[in-house]
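Hydrogens, waters and symmetry mates play no part in the numbers below; they use all other heavy atoms, side chains included. First listed ligand is number 1; within each ligand, the first listed atom is number 1.
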Amino acid sequence: MSNLDPARLPELDEQLTKLAPVDRLRWAFETFGDRAGIGTSFQPAGVVILHLAKSAGLPIRAFTLDTGLLFPETLAFKAQLEAKLGIQVESVLPALTVKEQAAAHGAELWKRDPEKCCEIRKVDSLGKKLFELDLWIAGMRRDQSNERSSTPLLSLAARPDNSDVWKLNPLVDWSREQVWAYLKEHDLPHNVLHDRGYRSIGCWPCTQPTSGADERGGRWPGFEKKECGLHTRTKKGLGG
Ligand code: SF4
């Protein structure tokens, strides 16, 4: 367990900003060891992060939140990527199956109350996982949407009991073009749904193909909702 003083956040953020993403990951592993974890939903940025860690010999554990409502293509891509990189990505499951959720809250909760559905299927699962970690590595980038334009590289996030967990977005300052160029350069695969117009891929009931500047514009069509709550509900004061 790392004893990093939260007061060092501004100084560490400044140091890490000067480093390449792979060296940010090296710092993460050297500082936090097996208390660091890469959370991924297999978007291109996540693929880059997993590949950088693997190529640099950094055995950082990885996990994904399997809501039970992921596209079959996403699940197939997970298996493809694990085989390609020789890694295992842990599937973290919600407390309720989709059937149990329907029995408790009604069928297709995502159509009536996506906040509640995301809370049960994503936010609560992540919250449990964060108790095993001191550093959560995520794939947020500032150019993904207006809502993400001021995302910090390093921050302090909150576990469900409001205790601190460090959070690192090693590709925060990369553009979409840089991410895709990296995949091409290293002959890395992508989720086939990207070839069908999906730009940001989540659960099948809440994701549509989209075009335009907002990469996340196809998420939760028909709702004001822009984030599932993973990054907003765990946010702490210092820019999380
Ligand atoms: S993205 Fe949609 S289906 Fe998935 S957890 Fe959130 S509301 Fe439910």
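Annotation for ligand 1: atoms under 4.0 Å from non-hydrogen atoms of Arg121 are 5 (S). Heavy-atom contacts of Leu69 reach the following atoms of ligand 1: 3 (S) (cutoff under 4.0 Å). Each of the atoms 1 (S), 2 (Fe), 3 (S), 7 (S) of ligand 1 lies under 4.0 Å from some heavy atom of Cys206.
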Let me have the donor-acceptor pairs involving side chains of residues 181-189, under 3.5 Å, with sequence neighbours excluded, atom names and distances please.
{"unit_1": "Tyr182", "atom_1": "OH", "unit_2": "His51", "atom_2": "ND1", "d": "2.6"}

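Between Asp143 and Arg141 there is a salt bridge, since a side-chain N of the basic residue sits under 4.0 Å from a carboxylate O of the acidic one.
Inclusion of Cys118 in the first shell of atom 4 (Fe) of ligand 1 is not supported: no N, O or S atom falls under 2.8 Å.
A donor-acceptor contact shorter than 3.5 Å links the side chain of Gln178 to the backbone of Ser175.
Every residue two or more places apart in sequence or in another chain that forms a side chain to side chain donor-acceptor pair (under 3.5 Å) with Glu90 is listed here: Lys129.
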